[in-house]
Amino acid sequence: MSFPRPTFDGAFDVAAVREQFPILKRTVNGKPLVYLDSAASAQKPRAVIEAMVGVMEGSYANVHRGLHTLANETTEAYEKARESVRRLINAESASEIVFTKGATEAINLVASSFGQGLQAGDEIVLSQMEHHANIVPWHFLRERKGVVLKFIPVTDDGRLDMEAFHALLGPRTRMVAVAHMSNVLGTVNLVREIIAAAHAVGAATLIDGCQAVVHAKVDVRELDADFYAFSGHKLYGPTGIGALYGKAERLAALPPYQGGGEMIGEVSLDRITYADPPHRFEAGTPAIIEAVGLGAAIDWLETLDREAAAAHEHALYARVMERLSGANWLKVLGAAPGKGAILSFTVEGAHAHDIAQVLDRYGVAVRAGTHCAEPLMRRFGLTASARASFALYNTLEEADAFVDALTKARTFFA
Ligand code: PMP
């Protein structure tokens, strides 16, 4: 996967896109909202809002259990959303898509279920740039099973050190789990190479696609990923829903994660059997309305030229970088070639939280903190950074408003 290079030729109709996001019309502190926090969670288009309201107003019931009309209609809508996820990442079958609460739950599911087959001394390879969601569940296995965690180091410009990665692989490597795109650095990792190398030593692979799936076309079959996880709410869908892709044979080999209704074959007082994937991993009433919302988000994204959208995001990033190129008070984290439109930075003499608060006075929303990536922060000798992330609904004027507000904010601390 690589991102299209920046162009700003008007090929992408950002005004038409913005029209579809009601929230973007609001003001913050008397200024037009400039929302640059989409890497944390994206805003929702009308298509998503209406699809969710539509289910509740039109045909809501629990899924899979009923024989009545509403139950059947809702089940159809829920399964149609699963098919939308399948299409989005080009899985072979919709039964390879498990609905989860989000990427966090998807990764916990794999760590917990796959982890049952691991023994003390087995090795899991992660990277230093992972979100805590792709670190902590593996630490559980270190604590509970004695598996060994190894971390691919990050270079000064924010890439994975691939030479070091290859040296970490060995006969005890059971799993390689890395982010497709860093939520802090914007780096797009060489996941195809990583997956192929992991497979060559017989290890399974899990790709955290939370950020990547938003900005580029993902093809799990081309990648040959065993597991691929992402959240709906960063993809212009609702919270409370995400997906885990697993190759059919991988999912079939996994024991269940949670127990309850809908995930069983048969239950008696002395024995249970389990349903086939994906239902084996969807215990209890699922997030039905949210799944429909995620399906709507994907269907809506498919109406756009996604390459043009990515190029648009890059043009915004390039504009900001160009305008800030002479700012000796600014430190940018991550300069990997082909990186995504995420700008993490620190300002000399100011805490990241203070920067975010001052920017908010100008209506500009950015994130500040560790971005749930403490090992990465430590790697760069930081306790926090600020982060502006660009989405397909942001404009050139907003990129300029951010630079203007940051330049003013900086004077408070100079
Ligand atoms: N991985 C990455 C790379 C992320 O950016 C995030 C969200 N910040 C997560 C995992 C966790 O996602 P969620 O909180 O939606 O489960």
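Read the numbers this way: they start at 1 and go in the same order the structure lists the ligands and their atoms.
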| request: Would you indicate whether the side-chain heavy atoms of Met56 and Ile289 approach each other to under 4.5 Å? | output: yes

| query | Would Phe21 and Trp300 count as a close aromatic pair, with their ring centres under 6.0 Å? | reply | yes

| query | So which bit of Ala179 gets within less than 4.0 Å of ligand 1, heavy atoms only: side chain, backbone, both or neither? | reply | neither

| query | What's the shortest distance from atom 1 (N) of ligand 1 to any protein heavy atom, and which residue and atom give it? | reply | Asp208 OD2, 2.5 Å

| field | Heavy-atom nearest neighbour in the protein, as seen from atom 4 (C) of ligand 1, with distance rounded to 0.1 Å | value | His131 CD2, 3.5 Å

| field | Options Asn134, Ile342, Thr100, Thr104, ranked by nearest heavy atom to atom 16 (O) of ligand 1, top entry | value | Thr104

| field | Part of Glu130 with heavy atoms under 4.0 Å of ligand 1, whether side chain, backbone, both or neither | value | neither

| Gap between atom CG of Asn189 and atom CG of Asp208 - 0.5 Å precision | 10.0 Å

| field | Nearest-neighbour protein heavy atom for atom 5 (O) of ligand 1, which is reported as residue plus atom name and distance | value | Gln211 NE2, 2.8 Å

| For the residue pair Pro277 and Arg280, what are the closest heavy atoms and their distance? | CD-NH2, 3.6 Å

| message | What protein heavy atom lies closest to atom 8 (N) of ligand 1? Include the residue and the distance to one decimal. | response | Lys234 NZ, 2.6 Å

| field | Basic-acidic side-chain contact under 4.0 Å: Lys145, Asp122 | value | no

| query | Is ligand 1 less than 4.0 angstrom away from at least one heavy atom of His233? | reply | yes

| request: Output the list of atoms in ligand 1 that are nearer than 4.0 Å to some heavy atom of Ser231, sorted by atom number. | output: 12 (O), 13 (P), 15 (O), 16 (O)

| message | If we only consider heavy atoms of Glu105, is any one of them less than 4.0 Å away from an atom in ligand 1? | response | no

| Can you check whether Arg144 reaches His139 side chain to side chain, under 4.5 Å on heavy atoms? | no

| task | First locate atom CG of Leu88, then atom CD1 of Ile298, and finally report the distance between them rounded to the nearest 0.5 Å. | result | 4.5 Å

